[in-house]
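Computed over heavy atoms, backbone and side chain alike; hydrogens, waters and symmetry mates excluded. What you see is a predicted model; the values in this text were computed from it and never measured.
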Amino acid sequence: VDTGLPAGGSVEHLPLQTQIKVLVAGAQQTAKLAGVVLHPAACTQVEPCPLVIVVGDYDSDAFPTYEEPAAKMAASLPATVVVFNLPGLGQGSKRSEGEDDAGGLWHESAAKEVMHLLSSRPYVDKARTGYLTIGIGLVPVTSALKTYGTGALNKVQFLIDVEGPTDRC
């Protein structure tokens, strides 16, 4: 993808400031997620853009691994793109807090909360929001859509799963 930058203009790399709450054994626990919001200059309150939440595979650190390719995607579409590490995943300062429960409540809550909170931003077109999942990232996203699809995630319009020799939409 060539980003000579006309479509969305420059892309701002903003820290993801999302904290999730998970009910575990009757007690509420919180965790801060590590990630980045890639916001193109063209996405404004007057001209909102789509929102794409990237949920990475189990054995890779989505953030920062996918940050640069996602920034190119954000500029060329233009769209606001969010890349983050699921709870318990990531290295060093880029590690998300919480339990790595391989698609369980922690991961499902992260997939839901990132979409729910970011889709409310004024520069996001609420009618064009969705997920791009890689590998096991599909599991928490489909679980979140099943659980919250008629509530907090009722505006999600697309799910693109990228894995192996085929891509599924």
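- In this structure, the side chain of Thr18 does not engage the main chain of Val114 through any donor-acceptor pair within 3.5 Å.
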Set out, in order, the CA-CA distance, both residues' side-chain angles and the distance that settles side-chain contact (heavy atoms from CB on, under 4.5 Å) for Thr133 and Thr142, then state yes or no. CA-CA 10 Å; Thr133 62; Thr142 54; over 6 Å; no
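- The two residues Ala75 and Gly9 come nearest to each other via the heavy atoms CB-O, 3.9 Å.
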Kindly indicate, with the supporting measurements, whether the criterion side-chain contact (heavy atoms from CB on, under 4.5 Å) is fulfilled by Arg95 and Asn85. CA-CA 7 Å; Arg95 183 176 181 83; Asn85 290 325; over 6 Å; no
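- Summarising the geometry, atom CZ belonging to Phe84 is positioned 13.0 Å from atom CG belonging to Asp61; distances are rounded to the nearest 0.5 Å.
- When all heavy atoms are compared, the tightest approach of Ala79 to Pro40 is O-CG, 3.2 Å.
- Taking CD of Gln17 as the start and CG of Leu117 as the end, the distance is 11.5 Å to the nearest 0.5 Å.
- Taking OG of Ser109 as the start and CD of Gln29 as the end, the distance is 11.0 Å to the nearest 0.5 Å.
- Heavy-atom contacts from other residues, nucleotides or ligands closer than 6.0 Å to CD of Glu47 number 12 or fewer.
- Within the 4.5 Å cutoff, the side chain of Pro50 has no heavy atoms near those of the Leu77 side chain.
- Shown are Leu51, Val52, Val54; of these, the side chain to side chain contact (heavy atoms under 4.5 Å, CB included) with Val82 is made only by Leu51.
- Counting only distance, with no hydrogens or angles, the side chain of Tyr148 and the backbone of His116 share no donor-acceptor pair below 3.5 Å.
- Panel note: side chain Lys126, backbone Ser119; a donor-acceptor pair is recorded below 3.5 Å.
- Pro122 approaches Pro48 most closely through the heavy-atom pair O-CB, 4.2 Å.
- Looking only at distances, a side-chain donor or acceptor of His107 sits under 3.5 Å from a matching main-chain atom of Pro87.
- Scanning both residues, Asp161 and Ile134, for their nearest heavy atoms gives OD1-N, 4.4 Å.
- Considering OG1 of Thr80 and CZ of Arg128, their distance stands at 10.5 Å, rounded to 0.5 Å.
- Using a 3.5 Å distance cut-off with no hydrogens or angles, the side chains of Thr30 and Gln19 do pair a donor with an acceptor.
- Here CG of Leu89 is found 13.5 Å from CZ of Phe63. Values are rounded to the nearest 0.5 Å.
- At distances below 3.5 Å, not a single donor-acceptor pair connects side-chain atoms of Thr65 with backbone N or O atoms of Ala62.
- With a 4.5 Å cut-off on side-chain heavy atoms, Glu67 and Val83 do not count as touching.
- Taking both residues in full, the closest heavy atoms of Leu105 and Leu23 are given as CD1-O, 3.9 Å, listed atom of the first, atom of the second, then distance.
- In this structure, Glu108 CD and Ile20 CD1 are separated by 10.5 Å, a value rounded to the nearest 0.5 Å.
- Distance alone, capped at 3.5 Å, places no donor-acceptor pair between the Glu12 side chain and the His39 backbone.
- For the pair Tyr131 and Leu153, the minimum side-chain heavy-atom distance is below 4.5 Å.
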Pair Leu138-Leu159, side-chain contact (heavy atoms from CB on, under 4.5 Å): steps then yes or no: CA-CA 9 Å; Leu138 179 65; Leu159 167 59; 3.8 Å; yes
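- Side-chain atoms of Asp101 come within 3.5 Å of backbone N or O of Trp106 as a donor-acceptor pair.
- In this structure, the side chains of Tyr58 and Asp100 come closer than 4.5 Å at one or more pairs of heavy atoms.
- Here the side chain of Asp57 pairs a donor or acceptor atom with the backbone of Ile136 at under 3.5 angstrom.
- Minimum heavy-atom separation, Met115 to Gly130: CE-O, 3.3 Å.
- Between the side chain of Gln157 and the main chain of Lys155, a donor-acceptor pair closer than 3.5 Å is present.
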